[in-house]
Amino acid sequence: MRALFIDAEPVEQEGRAGVKLWLKSGSLVELYDWGFRPYFYADTDSKKDAAAIGRLDVKGAKVVGVEKAERWVWGKHKELLKVYCTKPSEVPVISRAVRDGLEIGCYEFETPFKYRYMIDKGLWPMDWVHYEADGDELVSIERATGEPGSLRALAFDIEVHNPAGSTDPARDPVIMVSWADEKGAGVLSTKPNRGVSKVFSDEAALLTGFCDMLRQKDIELLLGYNSDLYDLPYMKERSRRLRIDFPVGRDGLTVRKRGGGLVVSKVGGRVHIDLYRVATFLDRIGAMNLPRYKLEDVYAELAGKPKRDIKKADIWKVWDKGDIDDLAAYSRDDAECTWFIGKQWVPLEIALSRASGLPLFEAVRATTGSMVEQLLMRHAAGRSEITPNRPGFGEVTERAAETFVGAYVKTPPPGIYSNVAVFDFRSLYPSIIIAHNIDPATLNCDCCKKDGHVSPAGHRFCVKRQGVIPETLKELIDARAKLKASMKKMDPKSTQWAIADNHQWALKIIANSFYGYLGFSRSRWYSREAAESVTAWGRQYIQQTIEKVERAGYSVLYADTDSIFLLLGERKKEDAIALLTELNKGLPEVMMLELEGFYPRAVFVSKKAEEKGAKKKYAMIDEGGKIKIKGFELVRRDWAKIARKTQRRVLEAILKAGSAHKAVEIVRNVIADIKAGKVPLDDMVIYTQLRKEVYTAKGPHTAVVEKAAKRGVKIPVGAVIPYVITKKGKTISDKAELADWAKDYDPDYYIDHQVLPAVLKIMKELGYTETDLKVAGRQARLT
DNA sequence: GCCGTAGGACTACCA
DNA sequence: ACTGGTAGTCCTACGGCG
């Protein structure tokens, strides 16, 4: 039988231990594999040790088999013992006895059992398998090929009666559950209304009705927004209090708290995707940058239009009034927006799951680090290499304390320039890792003492045996290149193209994370020497390239990590392209310098306190009139919209119209509007994320949190706080007030601390001073 | 007690 | 809970002044 492999879970029944597999062929199939034994490795080849390990009995947990195994351990070929246990839960117990009791080192004793199973069986989630079964018992399974499969999905959202403002499952009932899927949308509620598609006698019936619907529709993929933390735990708690079952899954619902306030809600037998998790993931990897990631923010960004909105605080009022037309429509809209977002992001998550080997549920909640790790574990196993153990607490602390030098950034001379060309290295760090075989296990090998790759940081890497990291990375990069090539032959509007695009994106995301993973203190494959060699080679390549560009007669304006900005001057684009070709001849095979683009005009500014140019801050306009802005206040959410908007207009006036005069007019008008109190409060809102539980220093955003706490509103860690600097108070922190509570704004603050600083650094390059901008009617010095 | 400033804490950016 | 490099804000402590 052919099926899509979804997930696996360890199970224990009647003393037997095995694995439950979730497959999809038509609909979901549950199968059991009772024939797979958990194991770990012991670092010894002595018969005496083998015998001692074989005799172990820790409170009834016994070793059921010991066999020899040849594996690579940190670049050395070794003979180890593979120690089998009966149940997965016995692995930690027995391996501890081996380590602490017999003082024999162990490996892979903390590999979660389901990963152990998937890795050893060669199963990749969201990919196809061929299997044979006898009843519900698996007989055989192996990986097959095919396009990624799809799952039957449904998005949902709940509304809660909230007269107290906040909601509390001890008190406030669920009043609506809305849903949306391929076929349409609907609202389940306990009050009848035109907008309500199904009415239930009470809340218990409503919750049960929702579960019935999932069962009837045979939903495999459940989509929510912040449903890990809110909807599912809320419904579960309400059900508990109502003393009813809540069979939202085929196999229970577990709500688990992870470290750092993270909550994960696992729906057994369906894949639950919390799209808020996807939003924060995309934010972290820099694929998205919004001030906030509420459902309406994300929807507006993706759909290009705003979402219907009700003030959350008013939900109960509308409900109590009995006229719930609006509420039903709003609730339904929430589900539809969630569905819309899911349509865009689920394919990427499926691609990430396939590319990393993490089951979809885990992939959605994974960091790029754990994706890299999963992939490395799979590749390591494939080449008989041991997966290094996780570092202990002490080790992590030590690693975190040892810092290393990163990338090179050139200070740009501030000014406004014409005809800039930008070159950049394609995947600089991944290319370096592959070109120089950088891996903790190839570091200081015994075989290449004379002829190894020696990094500018002074570390040597093997030239004979490729490391698991370079090997895995090369596979990703080659696969991506192949995909990109095949995409050229596809119709860009086809589903096939969209699938390939998500896949290539997933491969890129993972490939870009390898360097960070090498330097990550909790990494299994951590190596400071390896990480600092990557950056050292990176600095060497960029600096040598800068020298060559300068020797060719160009002046290099700016450079950061892997990019070079040069002034074309009197030369033509063709000259720059010829130079590029020349530069590439001197680079290793896998490395490639590319033309990023030509820019007719560019702005670099000086640092606020010094005359020197500011790094990581520039704006350029390309030949198509498209503006690229980096680092400026206007790309930062912790600046008020009025400052960001004004700075953008000023930059546009200079880059597009080339008019400083216009820029001055803009600034003067904005200042006048602020003084006159004409600017809407919305434009004064500053967003700052609450990143810590406890602060040593006071700041506007911590002050806002304190004030909210006094009113009984708890702002959780991770929240992005919107606040306004009001007239009331002495210091800025005193004046800061939660946006919803702010009645006015302090014009002086917004002029002197927001608009002027943002705009002045640009105007300074054109010869203007603060007074030129503040005092109306004065003649501009330059135009 | 007031003023100016150096330095620390903090956030969000670039690559 | 992937890295280092960077700009910039706000607050506090501190020294000088009178």
>> Any salt bridge linking A/E633 with A/K617? Criterion: basic side-chain nitrogen under 4.0 Å from a carboxylate oxygen.
In response: yes

What does A/G631 touch in the nucleic acid at a heavy-atom separation under 4.0 angstrom: a base, only the sugar-phosphate, or nothing? sugar-phosphate

(message) Less than 3.5 Å apart, any donor N or O on the side chain of A/T688 or A/Y723 sitting next to an acceptor on the other?
(response) yes

In short, salt bridge (Lys or Arg N to Asp or Glu O under 4.0 Å) pairs touching residues 508-520 of chain A with sequence neighbours left out are none

Q. In terms of the angle between their ring planes, are A/Y515 and A/F404 parallel, tilted or perpendicular, with boundaries placed at 30° and 60°?
A. perpendicular

Are A/D622 and A/K626 close enough for a salt bridge, meaning some N to O gap below 4.0 Å? no

Counted 5' to 3', the first and last nucleotides of DNA chain B within 4.0 Å (strictly under) of a heavy-atom of chain A are B/dA9 to B/dA15

Students should find that the end-to-end axis angle of the helix from B/dG1-C/dC17 to B/dA15-C/dT3, with five pairs defining each axis and rounding to 10 degrees, is 20°

The ring-ring contact (aromatic ring centres under 6.0 Å, His included) partners of A/H453 (sequence neighbours excluded) come to A/H436

5' to 3', nucleotides 3-8 of chain C under a 4.0 Å protein heavy-atom cut-off (B base, S sugar-phosphate only, - none) gives BBBSSS

Whole-Å distance, A/F632 CZ to C/dT9 P, equals 13 Å

- Message: Salt bridge or not between A/K727 and A/D746? Use side-chain N to carboxylate O under 4.0 Å.
- Response: no

Numerically ordered, the residues 687-700 of chain A set in heavy-atom contact under 4.0 Å with DNA chain B is A/T688, A/Q689, A/R691, A/K692, A/Y695, A/T696, A/A697

